[in-house]
Amino acid sequence: TAVTNIVESKTLTAVNGNHRSGKSHEDVKYLNIWKVADLTYFPKGIEKYFPNLIAIATFDCDFHKFQGHEFDAFSNLAWLNIVGNPNLERIPGNLFAKTPLLHTIMFYNNNIKYVGKNLLDSLSHFEYADFTNNYCVKHYAETSSEIPALIEHLKNNCTDIEVPIC
């Protein structure tokens, strides 16, 4: 399946690809988007084609920002990997507001400078997070007991208020 040239206001109108015999888009549980240089925004409307995703992984795309509602339709999302986006500087605090089952988050090798207040607070199943190799955060939490320290680090070092960087 090819996904290219996604701009902020554009909604997907078609998804093409092959499935195993007897399977359809509704059977897809894991979405992997790999090295799409002109993918600057998460594909809007993708939930119409893949409504049952539990895992989303993107590698070396070029996301510029998230609006905060990209994953709202994926209430069963458990695993999220957004890696290698040199222009991704901000993560809104409400990005995971409607993904209560999310337990693994990987945001390493981006350029994150600002994280919205309470980004991780609503995740009751949260177990693992990797925010290494970013501008304001280079930490990860391998166990649920390490999550509070990561949350505190994000609050102290990645404030959502833009301040001049000297």
Problem set entry | Pairs where residues 18-37 contributes a residue and the test salt bridge (charged side-chain N to carboxylate O under 4.0 Å, His left out) is met, not counting sequence neighbours | none

Side-chain polar contacts of residues 91-108 - donor-acceptor pairs under 3.5 angstrom, sequence neighbours left out - could you list them?
from: T99; atom 1: OG1; to: F96; atom 2: O; distance (Å): 3.1

Looking at residues at least two apart in the chain, or sitting in another chain, which of them share a side-chain hydrogen bond (donor to acceptor under 3.5 Å, both in side chains) with [X]?
X    : answer
H69  : none
S124 : none
S144 : none
N133 : N109

Exercise. At their closest point, which heavy atom of P86 faces which heavy atom of N111, and how far apart are they?
Worked result: O-CB, 3.3 Å

Just list the side-chain donor-acceptor pairs under 3.5 Å for residues 75-85, sequence neighbours left out, or say none.
from: N85; atom 1: OD1; to: D62; atom 2: N; distance (Å): 3.4
from: N85; atom 1: OD1; to: F63; atom 2: N; distance (Å): 2.9
from: N85; atom 1: ND2; to: N110; atom 2: OD1; distance (Å): 3.1

For this session: Considering only Ile, Leu, Val, Met, Phe, Trp and Tyr, and joining two whenever side-chain heavy atoms are under 4.5 Å apart, list the other residues clustered with I54.
Result: none

For this session: Check salt bridge (Lys or Arg N to Asp or Glu O under 4.0 Å) between E70 and all other residues, then give those that pass, not counting sequence neighbours.
Result: none

For this session: State which residues pass salt bridge (Lys or Arg N to Asp or Glu O under 4.0 Å) with D121; sequence neighbours excluded, sorted by chain then number.
Result: K155

For this session: Could you tell me which residues satisfy ring pair (Phe, Tyr, Trp, His ring centres under 6.0 Å) with Y128, sequence neighbours excluded, listed by chain and number?
Result: none

For this session: Can you sort out the partners of H19 under ring pair (Phe, Tyr, Trp, His ring centres under 6.0 Å), two or more places apart, ordered by chain and number?
Result: H25

